[in-house]
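Numbers here are sequence positions counted from 1.
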Amino acid sequence: MPFLEFSNVDYSYPSGDNDYIQALRAVSLSVERGEFVALVGCNGSGKSTFARLANGLLLPDGGAVTVDGMNTADKSKLYDIRKKIGVVFQNPDNQMVTTIVEDDVAFGPENLGLPPNEIRERVDWALDCVGMREYATSGPFRLSGGQKQRVAIAGVLAIKPELMILDEATGMLDPDGRKEVLNVVKKLNREENMAVVMITHFMEEAAEADRIIILERGAVVANGGKELFQSPEIFTHAGLDLPVYVRVAQKLKAGGIDIGCPLSVDEFVAAAKGALGKKEGGA
């Protein structure tokens, strides 16, 4: 049984005058335990609606969302569901509730009613996971954007969810901040076996995932592994920009130099050097 499953899910937002805007249309998808999934799509594709439906902040108009076999429409299960799924949103400032980093991270476990000694252990563990232990007694609003987002992730981690959803959590960060957060997420997925759904419009981040799901106008238009990057039209049709190194690789192929489909800058450099070396050797 998948850990998170959307079965033919519809959702619409009221738009005034008895009108509605449909955000998701017959969406069926699943996420397995320990999996790293990238959910991508342009603005208005339904990505954030997915995040809010996943942990019961919203309920579907049609179809069903289940978490570890529990239906989010069952109000008696919402507490358990929200312990299993944590969501990190785009703006870390909106998730800060105290003036001390460690107090902010402790907020979730405190609301779970855990004993003080366990809360202390969870806070220290979560801050260690994101590399922010040395800032435990600092004020969160004095941190950089990447550091704030790592604290926000620690706050979710302290609840010890089995699945973390990052809803454009790197969208407001500079490249260094995005790299910081992505490294933390990959570490948690690899070392803690935590399932991750990374909602992003940065295809460089999507390339790090085990599987990529593309949303377009509220519908799933592609669901597959990294081989999807070998069909660039899937991304461009959905209004998404491919990573620069993928676009350059395509231009090289059109010019007679095929280096495959590199999924990182390092892969691109290595493949390009290898191909150019063969070309020069052959010449």
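- For the residue pair A158 and A126, the shortest heavy atom distance occurs at N-CB, 4.0 Å.
- Counting heavy atoms of neighbouring residues, nucleotides and ligands inside a 6.0 Å radius, atom NZ of K179 does not exceed 12 of them.
- Counting only distance, with no hydrogens or angles, the side chain of D10 and the backbone of D61 share no donor-acceptor pair below 3.5 Å.
- Across K84 and V67, no two heavy atoms sit closer than the pair CB-CG1, 4.3 Å.
- Considering all non-hydrogen atoms of both residues, V184 and C129 come closest at CG1-O, 4.3 Å.
- Checked for salt-bridge contact, R120 and E102 meet the test: a charged N lies under 4.0 Å from a carboxylate O.
- Distance alone, capped at 3.5 Å, places no donor-acceptor pair between the Q149 side chain and the S144 backbone.
- Both L252 and V269 are assigned to one and the same hydrophobic cluster, defined by single-linkage of ILVMFWY side chains at heavy-atom distances under 4.5 Å.
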For this session: List the steps, then state whether side chain to side chain donor-acceptor pair (under 3.5 Å) holds for T200 with E205.
Result: CA-CA 7 Å; T200 182; E205 294 177 351; 2.7 Å; yes

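- E208 is listed as a side-chain neighbour of L182, based on a closest heavy-atom distance under 4.5 Å.
- Between L166 and the choices L39, V185, V197, I199, the side chain to side chain contact (heavy atoms under 4.5 Å, CB included) rule is met once, by V185.
- In K160, the NZ atom is crowded: over 12 heavy atoms of neighbouring residues, nucleotides or ligands sit closer than 6.0 Å.
- By the 6.0 Å contact criterion, CZ on R52 is enclosed, its count of non-hydrogen atoms from other residues, nucleotides or ligands being greater than 12.
- With hydrogens and angles disregarded, a donor-acceptor distance shorter than 3.5 Å links the side chain of R122 to the backbone of I159.
- The side chain to side chain contact (heavy atoms under 4.5 Å, CB included) test with S76 is passed by exactly one of D74, D80, L78: D74.
- With F202 as the aromatic partner, R178 meets the cation-pi criteria of under 6.0 angstrom to the ring centre and within 45 degrees of the ring axis.
- Taking OG1 from T98 and CG from D104, the interatomic distance works out to 4.0 Å, rounded to the nearest 0.5 Å.
- More than 12 heavy atoms of other residues, nucleotides or ligands sit less than 6.0 Å from atom CG of N111.
- Looking at Q22, its side chain does come within 3.5 Å of a backbone N or O of L24 through a donor-acceptor pair.
- For F6 and F50, the distance between ring centers is under 6.0 angstrom.
- Contact check for V65 versus Y11: no side-chain heavy atoms found under the 4.5 Å cut-off.
- When hydrophobic clusters are built by joining Ile, Leu, Val, Met, Phe, Trp and Tyr residues whose side-chain heavy atoms come closer than 4.5 Å, directly or via intermediates, V123 is grouped together with M132.
- Residue F229 comes nearest to P243 through the heavy atom pair CE2-CD, 4.0 Å, listed as atom of the first residue, atom of the second, then distance.
- In this structure a side-chain-to-backbone donor-acceptor pair under 3.5 Å is missing from E32 to F3.
- Between S48 and D167, the closest heavy-atom pair is OG-OD2, 2.9 Å.
- Annotation for I81 and N71: closest pair CD1-O, 3.9 Å, computed over non-hydrogen atoms.
- For the residue pair R211 and N223, a side-chain donor N or O sits within less than 3.5 Å of a side-chain acceptor on the partner.
- A donor-acceptor pair is defined here as one N or O able to donate and one able to accept, closer than 3.5 Å; such a pair exists between the side chain of E227 and the backbone of G225.
- In the hydrophobic cluster analysis, where Ile, Leu, Val, Met, Phe, Trp and Tyr join through side-chain heavy atoms closer than 4.5 angstrom, L57 is grouped together with I85.
- Look at K226 and D210 and you find no salt bridge, because none of the NZ, NE, NH1 or NH2 atoms lies under 4.0 Å from a carboxylate O.
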Problem set entry | Stepwise side-chain contact (heavy atoms from CB on, under 4.5 Å) check, L143 with V101 | CA-CA 10 Å; L143 303 175; V101 164; 4.0 Å; yes

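- Under the 3.5 Å distance criterion, with hydrogens and angles disregarded, no donor-acceptor pair is assigned to the side chains of R150 and Q147.
- With 3.5 Å as the limit, one finds no donor-acceptor pair spanning the side chains of N8 and S28.
- Note: the hydrophobic cluster containing L242 also contains L240 (ILVMFWY, side chain heavy atoms under 4.5 Å, direct or indirect links).
- No chain of hydrophobic side-chain contacts below 4.5 Å, direct or via other Ile, Leu, Val, Met, Phe, Trp or Tyr residues, connects V220 to I234.
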